Every structure is written in structure tokens, then in C-alpha cells.
Amino acid sequence: LLQASGGGLVQPGGSLRLSCAASGLNLDYYAIGWFRQAPGKEREGVSCIISSDDNTYYADSLKGRFTISRDNAKNTVYLQMNSLKPEDTAVYYCATGAPVPVDTIVVCSLGYGMDYWGKGTLVTVSS
């Protein structure tokens, strides 16, 4: 249902764009977002598209560096990550399934209600 790609090794200060291709689900009706889990840490919400008109949510610590976007024709969501830091190193997951509108804290921060999760893609920020 969800296929994430685009992870890799990048130097601090660099950029990566993650992609999440969705199939079998009309994303106009569901929130879709990115989450990450660093080694030894709990999963955290990164960013979500929370409505059919592309309202978005970002974790406060990531605002200004990460941008989420959607290509409706391709049913694909992207996460553009700029000015990457070593602490951004994590496995990044895309998830969907919570019908819009959503409680951004419950859904986009904690992931509750996101019924479908893709396999993660590893992002490593290191020199």
C-alpha cells in the first residue's frame, strides 16, 4: 500500500527527498505523514498532510528545514529535508489511514489512527 524510498547517507548540511507512493487509497480522504525512529529512541511524528486542501503539520523542532508535499496525479507524498543534522539520523516511515479531518497531535505526532505503514527508509547523516 505504501512504498517509501529516497533514504541514504548524506553529510551534515546536505539534503534528501523522501518519496512515499500510495496505492489502493485515495489520499484526499486520509491524512498521510512521515514519522521517524532513531536508534534507542521512541518513534516521533515529523510531518503530515492533514486535509484534502493540503493543510500541514510539522514537529516544532523541524519547521523551516523539512517540507512535506503531495503529487495527487502520482498519489505520492514527498518529504524534502534540508540542512540535515546528525540527529536527523533515523528510519523514516510514511503512514496513512486516519480519515480527515484529524487531531494533529493524536495522529501526526503520535501516529494513532494511522492504519497503514510503509517499510521504513534509513536516513544517515554523517561526515
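Fair warning: this is a prediction, and the values are worked out from it, not measured in the lab.
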Does the pair Asp71 and Thr76 meet the rule for a side chain to side chain donor-acceptor pair (under 3.5 Å), with working shown?
-> CA-CA 5 Å; Asp71 184 331; Thr76 298; over 6 Å; no
Show me the donor-acceptor pairs, under 3.5 Å and distance only, between side chains in residues 35-45 and residues at least two apart or in other chains.
from	atom 1	to	atom 2	distance (Å)
Arg36	NE	Glu44	OE2	2.6
Arg36	NH1	Asp88	OD1	2.9
Arg36	NH1	Tyr92	OH	2.9
Arg36	NH2	Glu44	OE2	3.0
Gln37	NE2	Lys41	O	3.1
Arg43	NH2	Leu110	O	2.9

Is it the case that more than 12 heavy atoms not belonging to Gln3 sit under 6.0 Å from its CD atom?
-> no
When clusters are formed by joining ILVMFWY residues with side-chain heavy atoms under 4.5 Å apart, either directly or through shared neighbours, do Phe66 and Tyr57 land in the same one?
-> no
Partners meeting side chain to side chain contact (heavy atoms under 4.5 Å, CB included) with Asp60 (sequence neighbours left out) | Lys63
Rounded to the nearest 0.5 angstrom, the CZ-OG distance for Arg65 and Ser47 is 12.5 Å
Sub-4.5 Å side-chain heavy-atom contact between Val107 and Tyr112 = no
Answer whether the closest heavy-atom distance between the side chains of Thr56 and Ile50 falls below 4.5 Å.
-> no
Within a strict 4.5 Å, meaning less than it, do heavy atoms of the Leu1 and Leu25 side chains meet?
-> yes
Nearest 0.5 Å, what's the NZ-CG distance between Lys85 and Leu62?
-> 8.5 Å
Is it true that Trp117 and Val100 fall in one hydrophobic cluster, defined by side-chain heavy atoms closer than 4.5 Å?
-> no
Heavy-atom distance under 4.5 Å between the side chains of Trp34 and Cys20, does that happen here?
-> yes
Kindly work out whether a path of hydrophobic side-chain contacts (I/L/V/M/F/W/Y, heavy atoms less than 4.5 Å apart) joins Val46 to Val102.
-> no
Would you name the heavy atoms of Ser127 and Pro12 that are closest together and state the gap between them?
-> N-CD, 3.7 Å
Keeping the roles fixed (side chain from Asn82, backbone from Ser15), state whether a donor-acceptor pair exists under 3.5 Å.
-> no
Begin with the C-alpha distance, continue with both residues' side-chain angles, and end with the deciding distance and a verdict on side chain to side chain contact (heavy atoms under 4.5 Å, CB included) for Val106 and Met114.
-> CA-CA 10 Å; Val106 172; Met114 293 296 213; over 6 Å; no
Give, for atom OG1 of Thr96 and atom CG of Asp115, the distance between the pair rounded to the nearest 0.5 Å.
-> 9.0 Å
Drop me the distance from Asp103's CG to Ser109's OG, to the nearest 0.5 angstrom.
-> 9.5 Å
OG of Ser23 to OH of Tyr116, rounded to nearest 0.5 Å, is 11.0 Å
Val123 side chain reached by Leu18 side chain, heavy atoms, under 4.5 Å | yes
Step by step, would you call Leu27 with Arg70 a side chain to side chain contact (heavy atoms under 4.5 Å, CB included)?
-> CA-CA 9 Å; Leu27 295 180; Arg70 175 165 64 182; 3.7 Å; yes
Under 4.5 Å between side-chain heavy atoms, hopping through other hydrophobics if needed: is there a path connecting Tyr93 to Leu16?
-> no
May I ask you to decide if Thr124's main-chain N or O and Thr89's side chain share a donor-acceptor pair within less than 3.5 Å?
-> no
Examine Val91 and Leu9 and state if one hydrophobic cluster contains both, with Ile, Leu, Val, Met, Phe, Trp and Tyr joined whenever side-chain heavy atoms are less than 4.5 Å apart.
-> no
If you round to the nearest 0.5 Å, how far is CG of Leu79 from OH of Tyr58?
-> 7.5 Å
